[in-house]
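This report refers to the structure that appears directly beneath it.
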Amino acid sequence: MIRLLVQMILPAILVTFVACNAPPVPLDDIVIEKTFTPERCDRMVKSGDFVRYHYIGMFPDGKKFDSSYDRGTTYNVFVGRKQLIAGMDKALVGMCVNERWMIKIPPQLAYGKDGYGDIIPPDSILHFDVLMLDIWNTEDKVQIKTYHKPESCVRTVQVSDYVRYHYNGTLLNGTLFDSSHTRLRTYDTYVGIGWLIAGMDQGLLGMCVGEKRIVTMPPFLGYGENGDGESHFISNIYEQCMQNKHYNIQLSPLTGSDIPGQASLVFDVILLDLHNPKDEITVEVQSLPDHCPRKSEVGDFMRYHYNGSLLDGTFFDSSYSRNRTYDTYIGKGYVIAGMDQGLLGVCVGEHRRIVIPPHLAYGEEGTGTKIPGSAVLVFDVHIIDFHNPSDIVEITSVKPEKCIYNAKRGDFVKYHYNATLMDGTYIGSTQTSGKTYDVVLGAGQVVIGMEQGLIGMCVGEKRRLVIPPHLGYGERGVDGEVPGSAVLVFDVVLVDLEEGLPEGYMFVWNSDVSPNLFSEMDKNKDAQVDITEFSDYILQQVKEGKGRLAPGFDPQRIIQNMYDNQDRNKDGQITEDEFKLKADEAASHDEL
C-alpha cells in the first residue's frame, strides 16, 4: 500500500528515472548505519511523535530519486501513524535531534512488488540519508531549565508584570533565528496577557531578575504550522498597543524563512528587569544613625550621595565618581517622582536603597544610552545633610555654674571651636594651633549663624551650633573646604570676653572730658594738631584708663578714622575751630 511518502515525492520529481537493478543480496529488514551521533541526546523519537527532518532518497547504486533539500523544506510528519512507508516508520524511532542515519529499507517495507509508477521500480531497495532536526509530541508542554539563579530573589514574574529581557532564539537543532543581543536592545513586554507567543508567556513566569533559563516549546505554543503566521498576529497586537501608547514593545523581526512551520523553539533567556504598572517605590533602610533628631520633610533642601544602577546591577551613574553630592529640594518636583518620595522621612547619615518603577522614574523613553526605556532604577543613597530655608541656628548649650555676663553685639570674644559637616566630615579647628579665634560680635567677621550662636554666651560656656547654609556659607560654600549648601556644626567654648562699646562708638571716655582738650593735644603750641599729636594723646588716655578704644580692632586704624573725622578741610591738620565744630556734632559717635 502506498504510504504518505508518495506525497513528498510527487511534487518534487521533475526528472525521468531509469529502472535500477535490484541488489544482489535482498534485505529481510531495515538496516541503519549511524553516520553522525551528537554528543548529547536529550530526546529520541518515539511512536506518536511529530518530526521534522531532511533526507536524500537513493537507490543502492547511489542514484537519487528524491530530496527534501531540493525543495528547500523539511519533511514534517507523525511517526507511527502509518503516514510513512513501514520501513521509515520503523527506522525513525530512536533518532536524536542532529543525528544522521543512512537507512536501508527492503521492498516489502517500502513500495513492494508494485513500486511507484516510473519513479520507484518494483521490488526496489531504498536508501535514505536522514538528518533529524526536530521532535515534539502533541502532549508536550513548555520545558524550563534554569541554569543560573541569583542568590537573592525577592520577586518573581507574575501575570501582567512588565519585563525586560535578552534572549537568543534557536530551533531545536541549534539554528539561530533571532537574538536581542545582536540588536543591543532588550525585548520589553507584558507577560501572561497574550502579548507574547503562548510558550514564552508561560516560560517567563516565576523568573527572578538575573535568572537565566532555557525555555523550550512545541510549535503549537510557538508559531504553529505556518511559522511566521503567528508573528503577524503578534505584530497586530503590537500595533494596537502602540496606538494606545502603553509601553514600548519591540517585536522581533521574524520572517517565514526564520522560523519554519511546525518548529519547536528554544529561547535562552536572561531576565534583566521586572515591574508591575501598579508598583510603588520600595525602600530598604540599610543603616540608621544612633541619633536622629529630625527627619526630612517636603520642602527641605538635601545633600546626598548615590550610586544608580538598573535592576540587574548595571551601573549608570554615581555622585561619588564626581566627588560631589547631589543637592536638591525634595517633594517639589526637582527630581524624578520616585526619588522625591524615597527621600522623605530620612535621617542625616542614613543609608537606604530606593527601587523605583519606570512610571515614577524616566518612563518609556529612558534617558538615552545610560537608562533604557521602561527601566526599573535602584538608588543606594547616603544622606549627608538637609535643612529647610526657614531653619534658624540650632543651639545646644552647657553653661558654667556662674554666668556673670552674657556676650552681646560689639563685645570682643575669644573662643575655641571644632567644625564639621553634618555627616562628621572635618572642616577645621582651633585646637590644632592652640590659638583662640577672636572676633567682634556684630562686625561681620564671621558668618551670620556663628554671630547668632555666640550672642548670649558666658565665659566657660560650651555650645553646639548647627548652622543652615543660608546663615553659613550659602550655595557656593568655600572652595576646597566647605561644599555649597552645606549645614555646618560648630562645637564652641567661650574662653574670654571683653565688653564692647555702645553700638556705633569706636572710643568712649571713662571720665569727664577735659575743657582744655585741644590745647592738651597741641604739644608744640602751633595752634594745630597733627596725627602724631592726636594719636599720642588718645593712646595716653587709654593707658591711664581715662578712655577706651573699641576692642578687637586695630587701634591705629580707629585713631586714624577719628582724626579724619575731625579734619574738616582735609588738609592733614586739625585747628581749634575744626575741633570745636566737630566736638559739637552729636551725630558722629567716634569723635572726641
Side-chain angles (χ1 to χ4, degrees), residues 147-157 161-168 179-189 204 207-213 247-248 250 268-276 279-288 302-328 330 334-344 346 349-385 423 425 483:
Y147 64 94
H148 173 76
K149 200 160 190 174
E151 293 181 2
S152 175
C153 180
V154 296
R155 177 176 182 176
T156 60
V157 177
D161 282 344
Y162 192 86
V163 297
R164 295 174 49 247
Y165 63 92
H166 270 304
Y167 71 90
N168 287 320
S179 174
S180 63
H181 297 281
T182 59
R183 294 190 296 275
L184 300 178
R185 186 173 186 181
T186 56
Y187 193 83
D188 308 341
T189 184
L204 294 174
M207 282 194 82
C208 305
V209 171
E211 182 177 344
K212 298 177 182 179
R213 58 170 56 173
Y247 272 87
N248 261 340
Q250 299 95 38
D268 189 342
V269 178
I270 176 172
L271 184 65
L272 301 182
D273 203 336
L274 156 68
H275 77 276
N276 193 282
D279 284 350
E280 300 293 338
I281 66 166
T282 59
V283 174
E284 176 189 347
V285 176
Q286 297 171 321
S287 70
L288 282 170
M302 183 174 291
R303 296 174 53 246
Y304 62 94
H305 272 302
Y306 71 88
N307 285 319
S309 63
L310 305 181
L311 205 57
D312 67 338
T314 300
F315 168 86
F316 64 79
D317 192 23
S318 174
S319 62
Y320 295 100
S321 63
R322 295 188 293 274
N323 197 30
R324 183 174 181 179
T325 56
Y326 192 82
D327 308 340
T328 185
I330 60 171
Y334 287 88
V335 291
I336 56 176
M339 188 62 83
D340 250 353
Q341 297 175 23
L343 293 175
L344 293 175
V346 299
E350 180 177 340
H351 290 80
R352 62 169 47 181
R353 171 167 288 183
I354 304 170
V355 181
I356 304 175
H359 49 276
L360 296 175
Y362 293 100
E364 300 174 15
E365 301 300 324
T367 63
T369 56
K370 288 191 174 182
I371 300 178
S374 301
V376 177
L377 307 182
V378 180
F379 289 93
D380 289 311
V381 299
H382 177 206
I383 310 304
I384 304 301
D385 73 29
D423 65 342
T425 300

Specify the closest pair of heavy atoms between His181 and Tyr167, including all atoms of both residues, with the distance to one decimal.
-> CD2-O, 3.6 Å
Do Thr156 and Met207 come within less than 4.5 Å of each other through their side chains, counting heavy atoms only?
-> no
Sub-4.5 Å side-chain heavy-atom contact between Ile383 and Leu343 = yes
Looking just at side-chain N and O atoms, do Ser318 and Asn307 make a donor-acceptor pair shorter than 3.5 Å?
-> yes
Is any side-chain heavy atom of Val376 less than 4.5 Å from a side-chain heavy atom of Ile356?
-> no
Can you find a pair of side-chain heavy atoms, one from Arg352 and one from Glu284, that are under 4.5 Å apart?
-> no
Decide yes or no for Asp273 and Thr186: does some side-chain heavy atom of the first lie under 4.5 Å from some side-chain heavy atom of the second?
-> no
Scan side-chain atoms only and decide if Ser319 and His305 contain a donor-acceptor pair under the 3.5 Å cut-off.
-> yes
Could you tell me whether the side chain of Arg324 and the main chain of Tyr320 form a donor-acceptor pair under 3.5 Å?
-> no
How are the rings of Tyr187 and Tyr165 set relative to one another: parallel (under 30°), tilted (30 to 60°) or perpendicular (over 60°)?
-> tilted
Kindly state whether the ring of Phe379 and the ring of Tyr326 have centres lying under 6.0 angstrom apart.
-> no
Any donor-acceptor N/O pair, Thr325 side chain to Asp327 backbone, under 3.5 Å = no
For Val378 and Leu310 the tightest heavy-atom approach is CG2-O, 4.1 Å
OG (Ser309) and CG (Asp380) are apart, to the nearest 0.5 Å, by 6.5 Å
Please report the shortest heavy-atom distance between Asp279 and Leu360, naming the atom on each side.
-> O-CD1, 4.4 Å
Apply side chain to side chain donor-acceptor pair (under 3.5 Å) to Ser180 and His166, showing your working.
-> CA-CA 6 Å; Ser180 63; His166 270 304; 2.7 Å; yes
If you round to the nearest 0.5 Å, how far is CG of Asn276 from CG of Asp161?
-> 5.0 Å
Are any non-hydrogen side-chain atoms of Glu211 and Cys153 less than 4.5 angstrom apart?
-> no
Write down the atom of Val346, the atom of Gly342, and the distance for their closest heavy-atom approach.
-> CG1-O, 4.0 Å
Roughly how far, to the nearest 0.5 Å, is CZ of Phe316 from OG1 of Thr369?
-> 12.0 Å
Is any NZ, NE, NH1 or NH2 atom of the basic residue among Arg213 and Asp268 found under 4.0 Å from an Asp or Glu carboxylate oxygen of the other?
-> no
4.5 Å side-chain heavy-atom contact, Thr425 and Ile384 = no
Assess whether side-chain contact (heavy atoms from CB on, under 4.5 Å) is satisfied between Val283 and Gln341, documenting all intermediate values.
-> CA-CA 10 Å; Val283 174; Gln341 297 175 23; over 6 Å; no
Would you please test Asp188 and Ser374 for side chain to side chain donor-acceptor pair (under 3.5 Å) and show each step?
-> CA-CA 8 Å; Asp188 308 341; Ser374 301; 5.2 Å; no
Please walk me through it: do Thr328 and Tyr304 pass side-chain contact (heavy atoms from CB on, under 4.5 Å)?
-> CA-CA 9 Å; Thr328 185; Tyr304 62 94; 4.0 Å; yes
Find the distance between CG (Asn168) and OG1 (Thr182) and round it off to the nearest 0.5 Å.
-> 8.0 Å
Drop me the distance from Leu271's CG to Asp312's CG, to the nearest 0.5 angstrom.
-> 9.0 Å
Evaluation steps, side-chain contact (heavy atoms from CB on, under 4.5 Å), between Glu365 and Ile371 = CA-CA 9 Å; Glu365 301 300 324; Ile371 300 178; over 6 Å; no
Indicate whether the side chain of Asp340 and that of Tyr334 have a donor and an acceptor atom separated by less than 3.5 Å.
-> no
Is the His275 ring parallel, tilted or perpendicular to the His359 ring (thresholds 30°, 60°)?
-> tilted
Note, Leu272 side chain near Val209 side chain (heavy atom, < 4.5 Å) | no
Given Arg164 and Leu311, is the side-chain contact (heavy atoms from CB on, under 4.5 Å) satisfied, shown in steps?
-> CA-CA 10 Å; Arg164 295 174 49 247; Leu311 205 57; over 6 Å; no
